[in-house]
*Asks:* 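Provided herewith is a single structure, encoded as structure tokens, for subsequent inquiry.
Here the structure is a predicted model, which is why all the values come from computation and not from measurement.
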Amino acid sequence: MMKNSIFWSKGFIPVYFIIAVIHFVVFKVIIDTNNYSIYIFTLILLGLGIASILYNNKSEDS
């Protein structure tokens with residue numbers, strides 16, 4: 001099921017990091033919020049990007 005998912009494809013990996021940076025910049029710089037939930041969502045997006053990289057590297061090796 002995960003093999004056919006677009007979220008784990010190699011072309012989607014940069015999207016996680018781009019969205020994480022845009023999310024952080026919008027909420028921290030432009031909106032200037034002091035809410036810590038922006039850090040959690042940004043870290044989740046970065047974690048998904050790293051997990052996608054690891055998943056794609058593992059699937060290439062096997």
*Asks:* Shortest non-hydrogen contact from I38 to H23?
*Replies:* O-CE1, 3.5 Å
*Asks:* What pairs with D32 under side-chain hydrogen bond (donor to acceptor under 3.5 Å, both in side chains), at least two apart in sequence or on another chain?
*Replies:* none
*Asks:* If hydrophobic clusters are built from ILVMFWY residues whose side chains come within less than 4.5 Å, do I30 and I22 share one?
*Replies:* yes
*Asks:* Determine the minimum heavy-atom distance between F17 and I50, stating which atoms define it.
*Replies:* CZ-N, 3.9 Å
*Asks:* Is V26 reachable from I19 through a run of hydrophobic residues whose side-chain heavy atoms are each under 4.5 Å from the next?
*Replies:* no
*Asks:* Would you compute the distance between atom CG of L43 and atom CG of L46 and round it to the nearest 0.5 angstrom?
*Replies:* 6.0 Å
*Asks:* Can you say whether the rings of Y36 and Y39 are parallel (under 30°), tilted (30 to 60°) or perpendicular (over 60°)?
*Replies:* tilted
*Asks:* Would you give the length of the straight line joining atom CG of L48 to atom OH of Y55, rounded to the nearest 0.5 angstrom?
*Replies:* 14.0 Å
*Asks:* When hydrophobic residues are tied together by side-chain contacts of less than 4.5 Å, even through go-betweens, does F12 share a cluster with L45?
*Replies:* yes
*Asks:* For residues I13 and G49, report the shortest heavy-atom separation together with the two atoms involved.
*Replies:* CG2-O, 4.4 Å
*Asks:* Transitive ILVMFWY cluster of V29 at side-chain heavy atoms under 4.5 Å: who else is in it?
*Replies:* V21, V25
*Asks:* Look up atom OG in S52 and atom OH in Y16, then write down how far apart they are to the nearest 0.5 Å.
*Replies:* 5.5 Å
*Asks:* What distance do N35 atom CG and T33 atom OG1 have between them, rounded to the nearest 0.5 Å?
*Replies:* 5.0 Å
